[in-house]
Amino acid sequence: MPRFYVKNKQNKWNIFSTIIDNFLYDEFMEFDDLVNKVCKEIVEDKKKELKTLLTNAPVVNVMSYEKAIERKR
């Protein structure tokens with residue numbers, strides 16, 4: 001389900017989630033604060049994905065060095 005960015009009458013922002021039919025944050029915020037929160041979440045999610053490379057069950061695509069060199073040729 002999608003998320004919708006919502007601006008209120010005071011020109012502050014929040015995100016509405018159709019999964020929970022509610023806003024994700026308790027309060028509306030300035031645009032720059034919203035940008036910072038969303039970017040921070042994306043970075044944290046990517047870090048979690050990348051850390052799985054150190055496990056036996058990565059959630060990202062992995063290729064061996066040999067396969068990459070072979071494919072490059």
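What you see below is based on every heavy atom in this structure, not just the backbone, and it leaves out hydrogens, waters and symmetry mates.
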Give a yes or no on whether [X] and [Y] share a hydrophobic cluster (residues Ile, Leu, Val, Met, Phe, Trp, Tyr; joining criterion: side-chain heavy atoms under 4.5 Å apart).
X	Y	result
Met63	Leu53	no
Phe31	Val6	no
Ile20	Trp13	yes
Leu54	Val59	no

So do the side chains of Phe28 and Gln10 get within less than 4.5 Å of each other, counting heavy atoms only?
->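 The answer is no; the side chains never approach within 4.5 Å.
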Nearest 0.5 Å, what's the [atom1]-[atom2] distance between [X] and [Y]?
X	Y	atom1	atom2	answer
Lys7	Asn14	NZ	CG	14.0 Å
Glu27	Asp33	CD	CG	11.0 Å
Ile42	Lys46	CD1	NZ	10.0 Å
Asn36	Lys40	CG	NZ	9.5 Å
Asn22	Ile15	CG	CD1	12.5 Å

Result for ring pair (Phe, Tyr, Trp, His ring centres under 6.0 Å) between Phe23 and one of Phe16, Phe4, Tyr5 points to Phe16
